[in-house]
Protein chains: 2
Amino acid sequence: MSDSRRRRVTLNDIAEAARVSRATVSLVLRDSPLVHADTRARVETHMRKLGYVYNRAAANLRRQTSSSVALVINDLSNPFFAEFAAGVDEALAAAGYVTLLGGTGESASRQQAVLGSLMEHQPAAIILSPAEGSDASRIAHAVGAHTPLLVFNRELEGAGWDFLGLDNRRGARLATEHLLKQGHRRIAFFGGHADSSSCRERRLGYGDALAAAGVTPEPQWLVECAPTRLEAAAQTGALFVRDPVPTAAVCYNDAVALGLMLGLARRGRRPGHDFALTGFDDIPESAMSVPPLTTLAADPRARGRQAAALVLARLKHAPGAHKRTIVPVQLVVRESSGGADTAAPPSARKRR
Amino acid sequence: MSDSRRRRVTLNDIAEAARVSRATVSLVLRDSPLVHADTRARVETHMRKLGYVYNRAAANLRRQTSSSVALVINDLSNPFFAEFAAGVDEALAAAGYVTLLGGTGESASRQQAVLGSLMEHQPAAIILSPAEGSDASRIAHAVGAHTPLLVFNRELEGAGWDFLGLDNRRGARLATEHLLKQGHRRIAFFGGHADSSSCRERRLGYGDALAAAGVTPEPQWLVECAPTRLEAAAQTGALFVRDPVPTAAVCYNDAVALGLMLGLARRGRRPGHDFALTGFDDIPESAMSVPPLTTLAADPRARGRQAAALVLARLKHAPGAHKRTIVPVQLVVRESSGGADTAAPPSARKRR
DNA sequence: CTGAAAGCGCTTACAG
DNA sequence: CTGAAAGCGCTTACAG
């Protein structure tokens with residue numbers, strides 16, 4: 001601790017101590033076969049003795065390289081994104097990159113600030129899970145043309161960026177078909193903002209399934225709300241303002257579904273008995289809820305690893321058209337445990 | 001995209017374009033009052049026009065400063081740590097620092113690798129939530145004496161680092177007292193590794209409460225297991241191998257408590273009816289479990305902000321003795337909803 | 001195999 | 001108010 005004010009030791013110090021040139025030390029650092037074994041040993045001894053720490057920033061400056069990747073996430077307190085971040089970091093670390101983290105809290109303006117600040121650290125690439133209401137052209141301006149960008153989860157119009165997303169449409173279709181199989185005909189789509197790409201896609205899948213079943217959705221079955229538990233609970237009433245009232249709902253995601261369950265309970269309806277619903281994401285809580293939630297699993301950690309891999313590939317072969325990767329999503333049925341999806345419609349005329 | 005191969009624009013380019021020296025551009029960048037307003041405007045115009053991005057790494061190298069703080073977390077998929085990370089990042093960003101993320105997956109050896117890699121990026125400081133089985137001296141070696149380190153959550157013997165932790169002892173005492181008030185006398189402490197500091201402290205608080213109530217814990221009431229749901233479920237049987245068998249358990253954390261609930265159910269016992277238990281952490285799932293879990297809340301996001309603040313303060317006034325900050329923890333009682341803690345002891349001789 | 005020299009993009013005294 | 005020069009800690013041809 002007494003030396004905590006001392007100059008940090010540099011490659012120069014090693015060179016002096018080992019009585020070689022800086023060039024030689026540099027070669028030792030990068031395991032060049034050009035250095036004599038004895039010299040190498042001597043240099044390495046001194047590095048240990050002096051507690052040398054490689055200054056990668058300096059090396060990056062000189063070599064015009066970067067050893068970091070920026071990860072911009074809207075919300076780490078959402079387990080879906082936390083798992084995603086863990087996967088990204090895991091794969092980046094394995095490839096020798098360090099993760100620059102930036103949280104936006106779903107604010108497009110903070111996102112601009114975060115991107116600007118991260119860009120000053122010269123990341124080799126950016127993985128961006130865009131905040132709601134992101135503007136592609138402003139992002140393009142902040143990121144510039146030199147840094148590859150991978151957009152995750154929420155599609156952004158315009159710029160030619162790589163994209164990794166879930167098969168939202170198919171997922172929502174599976175959920176809707178599942179409720180149809182339970183005999184429901186009046187099925188709502190509950191939650192999310194209709195102008196976000198993932199909500200739009202999920203609504204399409206919902207529509208696909210209904211159309212195939214010959215059901216025409218009533219306008220009042222499409223209820224928007226911010227994708228949080230609280231907002232969903234507050235919006236529950238919107239489902240029941242006008243006849244025909246739905247008997248089930250495909251929810252935008254698990255948070256919304258859990259909120260809706262709360263809202264239903266407050267109105268004296270028992271989810272899974274009087275009303276059936278499904279979620280999206282398979283966050284850990286959906287297995288623990290009462291009743292448990294049938295939902296769609298996307299394995300966010302694996303998505304994180306995949307995002308990192310895509311970005312690293314892009315760094316290797318810089319050019320090439322931008323890539324759109326859509327990942328299938330799996331229906332996790334929890335009805336066996338008397339799940340939230342098991343309510344039969346009141347007028348249970350089973351179709352099919 | 002056609003210019004994505006072009007040299008990135010530097011301060012030099014701006015100087016040429018604006019017909020001033022690099023020094024002047026540098027002064028403009030840092031809002032120096034020395035520059036004439038007209039000159040400033042001209043320079044700024046060219047910066048925008050050329051799409052200049054400040055290279056903070058180069059500036060840091062020259063100024064011998066750092067604008068990053070490393071955050072080493074054992075497990076982002078644990079919501080407690082994810083929230084903590086979100087809080088850290090939020091506060092660091094507000095102070096103009098960028099977060100270097102490193103995940104260890106609770107592996108002490110990966111932790112060494114991660115620390116080594118992060119150190120090469122010259123963080124101004126490190127916030128470390130140590131992996132199980134961390135070795136203080138190895139950490140000290142990786143971090144060196146020049147970089148302030150804040151240890152979070154799990155105390156590390158030896159080195160003089162700042163520490164931020166929860167009042168585990170008091171928390172566990174509160175939980176134990178709560179169960180005592182329900183009439184329980186045979187209360188187990190379930191889960192965690194006895195050699196981790198947080199488990200040790202929680203066991204002490206548990207012991208405090210029992211001692212005050214005149215109860216001597218049987219050795220078989222102290223059950224260890226890894227702090228995960230799966231391990232906890234698997235270890236459930238250990239509670240019931242020998243008489244006198246406990247009627248309630250203070251669990252090491254929520255994950256363990258949820259696992260124990262699963263294990264109890266498998267053995268035909270209904271948590272909250274035949275057996276009472278409490279958790280620790282207040283992860284979102286504990287409110288949703290069946291029955292809901294009484295637990296201890298630590299507001300991890302606020303802890304993250306606090307950790308960042310401590311580290312930033314240390315950077316301002318470098319010297320000074322290391323600081324030990326212990327945060328109180330709040331009992332969140334969920335018995336009103338027929339919670340997991342409401343089971344009365346079978347032989348309900350209410351004391352007091 | 002090793003050394004001297006230039007340069008990555010910035011900042012900082014020091015002159016003028 | 002602005003410019004010329006040195007230097008942060010590295011790497012990289014280029015000689016030897």
Side-chain angles (χ1 to χ4, degrees), chain A residues 6-44 46-47 50-68 117 119-124 144 146-147, chain B residues 6-44 46-47 50-68 117 119-124 144 146-147:
Chain A
R6 231 175 38 189
R7 240 186 69 261
R8 72 167 45 257
V9 6
T10 77
L11 185 145
N12 237 322
D13 303 324
I14 309 296
E16 271 182 30
R19 315 206 140 283
V20 294
S21 76
R22 281 140 73 214
T24 304
V25 180
S26 178
L27 292 176
V28 169
L29 277 175
R30 266 145 331 97
D31 283 321
S32 161
L34 297 179
V35 195
H36 192 285
D38 297 353
T39 314
R40 167 185 307 285
R42 188 152 40 94
V43 168
E44 282 172 343
H46 285 99
M47 295 202 305
L50 300 185
Y52 173 69
V53 175
Y54 185 62
N55 186 332
R56 195 171 291 278
N60 281 333
L61 176 59
R62 176 56 232 257
R63 301 182 57 195
Q64 300 282 75
T65 56
S66 164
S67 53
S68 62
S117 154
M119 283 307 294
E120 295 187 347
H121 290 84
Q122 325 277 126
H146 302 309
T147 310
Chain B
R6 229 173 41 186
R7 237 184 74 261
R8 74 166 45 255
V9 5
T10 78
L11 183 147
N12 238 321
D13 303 324
I14 309 296
E16 272 182 29
R19 311 206 144 284
V20 294
S21 75
R22 281 141 70 214
T24 304
V25 180
S26 178
L27 292 176
V28 169
L29 277 175
R30 267 147 329 99
D31 282 320
S32 162
L34 296 178
V35 193
H36 192 286
D38 297 354
T39 314
R40 169 186 307 286
R42 188 153 39 96
V43 168
E44 282 173 344
H46 288 281
M47 295 204 304
L50 300 184
Y52 172 69
V53 175
Y54 185 62
N55 186 333
R56 194 170 291 277
N60 281 333
L61 176 59
R62 176 56 231 258
R63 302 183 57 197
Q64 300 282 77
T65 57
S66 165
S67 53
S68 62
S117 154
M119 283 307 294
E120 295 187 348
H121 290 84
Q122 325 278 127
H146 301 309
T147 311

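Treat the numbers as computed from the prediction; the structure is a model and nothing was measured.
Atom-to-atom, CZ of B/Arg19 to P of D/dG3 comes out at 11 Å; the value is rounded to the nearest Å. Atom OH of A/Tyr52 is separated from atom C1' of D/dG9 by 7 Å (rounded to the nearest Å). Between the NE2 atom of A/His121 and the P atom of C/dC10 there is a distance of 13 Å, given to the nearest Å. Whole-Å rounding puts the A/Leu11 CG to D/dC8 C1' distance at 13 Å. The separation between B/Gln122 atom CD and D/dG9 atom P is 9 Å, rounded to whole Å. If you take CG of B/Leu27 and C1' of C/dA13, they are 12 Å apart, rounded to a whole angstrom. When rounded to the nearest whole Å, the span between CD of B/Glu16 and P of D/dG3 equals 13 Å. Separating the OH atom of B/Tyr54 from the P atom of C/dC10 is a distance of 8 Å, rounded to the nearest angstrom.
Note on B/Val25: nothing from the nucleic acid sits closer than 4.0 angstrom, heavy atoms only. Heavy atoms of B/Arg22 sit under 4.0 angstrom from at least one base atom. Residue B/Ala23 is classed as a base contact, given a heavy-atom separation below 4.0 Å to a base.
Residue A/Glu44 comes nearest to A/Val28 through the heavy atom pair CG-CG1, 4.0 Å, listed as atom of the first residue, atom of the second, then distance. Across all their heavy atoms, A/Thr147 and A/Pro123 have their closest contact at CG2-O, 3.6 Å. Pairing each heavy atom of B/Leu11 with each of B/Tyr52, the nearest pair is N-CE1, 3.5 Å.
With C/dG9, D/dT12, C/dT2 as the candidates, the nucleotide lying closest to the side chain of A/Arg63 is D/dT12.
The side chain of A/Gln64 places no N or O atom within less than 4.0 Å of a non-bridging phosphate oxygen (OP1 or OP2) of D/dT12. Of the side-chain N and O atoms in B/Arg56, none sit less than 4.0 angstrom from OP1 or OP2 of C/dC10. The side chain of A/Thr10 contributes no N or O atom lying less than 4.0 Å from OP1 or OP2 of D/dC8. Distances shown here put every side-chain N or O of B/Ser26 at or beyond 4.0 Å from the OP1 or OP2 atom of C/dC10.
Comparing B/Arg62 and A/Leu29 by the nucleotide of DNA chain D that holds the closest heavy atom to each, the one mapping nearer the 5' end is B/Arg62. Take the nearest nucleotide of DNA chain D for B/Leu61 and for B/Thr24: the residue whose nucleotide is more 5' is B/Thr24.
In terms of modelled atom types and a separation under 3.5 Å, the side chain of A/Arg56 and the main chain of B/Glu120 share no donor-acceptor contact.
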Yes or no on side chain to side chain donor-acceptor pair (under 3.5 Å) for A/Thr10 and A/Asn55, after CA distance, side-chain angles and deciding distance?
CA-CA 8 Å; A/Thr10 77; A/Asn55 186 332; over 6 Å; no

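Using Watson-Crick or G-U wobble geometry with both donor-acceptor distances under 3.5 Å, C/dG16 finds its partner in D/dC1.
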